[in-house]
Visitor: 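Quick one: structure below, then a few questions.
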2 protein chains.
Amino acid sequence: MENSDELANVLLKWAEVFNNKSIGGLVCFGKEHGLSISQIGALFHLNHGRISSVSQIGDSLGITSAAASQMLDGLLRQGLIVRHEDPDDRRSKQIALTRQGTKIIHNIMKARQHWFSSISNRMTREERKIVINSLNILIEKAEQPASDRNQVNNFTGIKESINQ
Amino acid sequence: MENSDELANVLLKWAEVFNNKSIGGLVCFGKEHGLSISQIGALFHLNHGRISSVSQIGDSLGITSAAASQMLDGLLRQGLIVRHEDPDDRRSKQIALTRQGTKIIHNIMKARQHWFSSISNRMTREERKIVINSLNILIEKAEQPASDRNQVNNFTGIKESINQ
DNA sequence: CCATATATTTAAGCTATCTTAATTATTCAG
DNA sequence: CTGAATAATTAAGATAGCTTAAATATATGG
């Protein structure tokens with residue numbers, strides 16, 4: 001039996017543990033900073049893809065482009081994103097994070113720092129060493145452009161896997 | 001130099017990569033299944049802590065217990081949770097996931113499966129081996145009851161209530 | 001036992017965020 | 001060039017999810 005499936009399953013389990021700790025914090029963060037969950041989602045989407053159109057962002061969140069446009073107004077007003085005309089298609093707008101927008105993402109993640117530290121503190125020096133090494137591999141592989149990652153939105157995979 | 005901080009930082013980085021891929025999907029999942037993000041947060045909270053009171057769930061999301069009560073009505077109507085009177089304090093209600101509620105959590109995570117597999121496929125057998133090992137360490141340490149169980153939530157300053 | 005505190009629920013009302021429909025600007029195909 | 005398609009925006013209206021306040025039931029401490 002390949003250990004490929006085993007890794008995918010362990011990743012799944014870890015993701016579950018991570019989400020258990022994160023979701024509530026994310027909702028709280030939004031409330032405190034006047035950001036809707038869609039807006040936070042948009043910021044993460046942009047942090048991942050660097051630049052997107054209005055409708056791409058809408059698609060990634062499952063909302064209409066009208067809603068996306070309105071929602072992005074808010075982020076613009078807060079100085080978290082910029083809108084530029086796409087030189088290749090002047091109907092389209094290129095949305096990107098500002099420095100401040102990137103910082104928000106960072107702050108959201110920083111809020112987990114205490115938890116991360118406590119995990120770290122429960123390990124031996126030796127354990128830390130191999131875990132650091134492994135996470136670096138994961139990060140590298142996760143960010144690699146995948147051969148099987150087509151232009152289709154990666155969120156559409158959800159619909160398929162849920163409707164059993 | 002200690003490698004403790006280094007691990008915390010790598011965990012942070014990995015969390016960012018993971019969130020970049022997840023948040024939009026979570027929002028989409030909610031829309032498709034008629035679940036608000038608070039409701040999804042409540043499901044994760046329950047999945048983590050097994051049993052909580054109404055107000056504990058509200059606290060974990062930064063909403064009032066009135067709002068939590070209303071929100072939980074929806075989950076109850078969908079058969080995702082059960083409400084039982086707390087035998088130790090009859091003012092309080094014990095909220096827990098049903099089998100179906102647990103399945104929803106699983107489905108949300110399953111939606112990431114394709115991504116996890118593609119990460120796995122980009123590794124050598126040797127890399128997988130050490131990454132599996134490391135993730136198991138992480139999961140174990142993360143789930144360990146920490147000394148700081150009732151630590152203050154970084155976002156809100158609200159006490160993160162974890163049932164016992 | 002009584003006053004006060006706590007946990008939940010209900011009710012009423014507010015508003016943020018969505019939707020659809022219409023508008024404007026641009027692209028593309030014939 | 002012309003008509004149809006696409007991208008974004010704006011406007012109007014619906015509603016989900018929140019808040020506060022009040023009601024109910026239970027617990028606790030002097």
Side-chain angles (χ1 to χ4, degrees), chain A residues 23-24 26-43 46 51-78 81-96 151 153, chain B residues 23-24 26-43 45-46 51-78 80-96 155-156 158-159 161 163:
Chain A
I23 311 261
L26 218 61
V27 176
C28 288
F29 185 95
K31 290 183 92 61
E32 282 175 19
H33 291 74
L35 294 170
S36 70
I37 199 71
S38 287
Q39 286 177 320
I40 292 178
L43 293 176
L46 290 167
I51 287 178
S52 277
S53 69
V54 174
S55 46
Q56 278 175 330
I57 293 171
D59 288 347
S60 79
L61 299 167
I63 58 177
T64 61
S65 50
S69 181
Q70 294 164 4
M71 175 213 82
L72 292 171
D73 277 342
L75 295 178
L76 199 77
R77 242 177 285 118
Q78 295 183 58
I81 60 166
V82 287
R83 259 175 167 128
H84 286 128
E85 198 173 68
D86 183 342
D88 295 334
D89 183 346
R90 290 171 48 213
R91 292 170 301 181
S92 184
K93 302 285 172 65
Q94 296 181 325
I95 313 293
Q151 295 312 93
N153 210 307
Chain B
I23 310 263
L26 219 61
V27 176
C28 282
F29 184 95
K31 291 186 89 63
E32 284 174 17
H33 291 73
L35 294 170
S36 70
I37 200 72
S38 287
Q39 286 176 320
I40 292 179
L43 294 176
H45 178 84
L46 289 168
I51 289 178
S52 277
S53 69
V54 174
S55 47
Q56 280 176 328
I57 293 172
D59 288 347
S60 78
L61 298 166
I63 58 178
T64 61
S65 49
S69 179
Q70 294 164 4
M71 175 213 81
L72 292 172
D73 276 342
L75 295 179
L76 199 77
R77 241 177 284 117
Q78 295 182 60
L80 304 180
I81 59 166
V82 287
R83 257 176 167 129
H84 286 129
E85 198 173 66
D86 183 342
D88 295 334
D89 182 346
R90 290 173 49 212
R91 293 169 302 181
S92 183
K93 301 287 171 67
Q94 296 183 323
I95 313 292
F155 289 126
T156 55
I158 291 171
K159 206 172 82 175
S161 19
N163 86 296

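Chain letters run A, B, ... following the sequence lines, proteins first, then strands; residues in each count from 1. These numbers come from a predicted model, not from an experiment.
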Visitor: Quick check: closest heavy atoms across Ala96(B) and Ile51(B), and the distance to 0.1 Å?
Guide: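 Smallest interatomic distance, heavy atoms only, reads CB-CG1, 4.0 Å.
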Visitor: Between the protein and nucleotides 15-19 of chain D, which nitrogen or oxygen pairs come in under 3.5 angstrom?
Guide:
from    : atom 1 : to       : atom 2 : distance (Å)
dC18(D) : OP1    : Ser38(B) : OG     : 2.8
dT19(D) : OP2    : Thr64(B) : N      : 3.1
dT19(D) : OP2    : Thr64(B) : OG1    : 3.0
dT19(D) : O4     : Gln70(B) : NE2    : 3.2

Visitor: Locate the shortest heavy-atom distance separating Lys93(A) from Glu85(A); write the atom from each residue and the value.
Guide: CD-CA, 4.2 Å
Visitor: For the atom pair CD1 (Ile40(B)) and CD1 (Ile23(A)), what is the distance rounded to the nearest 0.5 Å?
Guide: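 Going from the CD1 atom of Ile40(B) to the CD1 atom of Ile23(A) covers 7.0 Å.
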Visitor: With a 4.0 Å cutoff (strictly under), does any side-chain N or O of Ser55(A) reach OP1 or OP2 of dA8(D)?
Guide: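 It does, given that an N or O in the side chain of Ser55(A) lies less than 4.0 Å from OP1 or OP2 of dA8(D).
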Visitor: For residues 61-73 of chain B, tabulate all N or O donor-acceptor pairs below 3.5 Å that involve a side-chain atom, not counting sequence neighbours.
Guide:
from     : atom 1 : to       : atom 2 : distance (Å)
Thr64(B) : OG1    : Ala67(B) : N      : 3.1
Asp73(B) : OD1    : Arg83(B) : NH1    : 2.9

Visitor: Would you say Ile37(A) and Leu26(B) make side-chain contact, with heavy atoms under 4.5 Å?
Guide: no
Visitor: Specify the separation, in whole Å, of atom CG of Leu72(A) and atom P of dT9(D).
Guide: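 Computing the Leu72(A):CG to dT9(D):P distance gives 8 Å.
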Visitor: Would you say a side-chain N or O of Ser69(A) is under 4.0 Å from OP1 or OP2 of dT9(D)?
Guide: yes
Visitor: Going 5' to 3' along DNA chain C, which are the first and last nucleotides with any atom under 4.0 Å from a heavy atom of chain A?
Guide: dT17(C) to dT27(C)
Visitor: Compute the angle between the rotation axes at the two ends of the helix from dC1(C)-dG30(D) to dG30(C)-dC1(D), each taken over five pairs, rounded to 10 degrees.
Guide: 30°
Visitor: What does the B/S/- profile of nucleotides 25-30 of chain D look like, 5' to 3', with a 4.0 Å heavy-atom cutoff to protein?
Guide: BBS---
Visitor: For the atom pair CD (Gln94(B)) and CG (Leu46(B)), what is the distance rounded to the nearest 0.5 Å?
Guide: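 Here the interatomic distance stands at 11.5 Å.
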Visitor: Compare every heavy atom of Gly34(B) with every heavy atom of Gln39(B), then report the nearest pair and how far apart it is.
Guide: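 Between these two residues, the closest heavy atoms are OE1-O, 3.8 Å.
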Visitor: Mind checking what makes side chain to side chain contact (heavy atoms under 4.5 Å, CB included) contact with Gln78(B), not counting sequence neighbours?
Guide: Leu35(B), Leu80(B)
Visitor: What distance do Ile57(B) atom CD1 and Ile81(B) atom CD1 have between them, rounded to the nearest 0.5 Å?
Guide: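 Rounded to the nearest 0.5 Å, the CD1-CD1 separation comes to 6.5 Å.
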Visitor: If you compare all heavy atoms of Ser52(B) against all heavy atoms of His45(B), which two are closest, and at what distance to 0.1 Å?
Guide: OG-NE2, 3.0 Å
Visitor: Of all heavy-atom pairs between Val82(B) and Leu76(B), which one has the smallest distance, and what is that distance?
Guide: CA-CD1, 4.1 Å
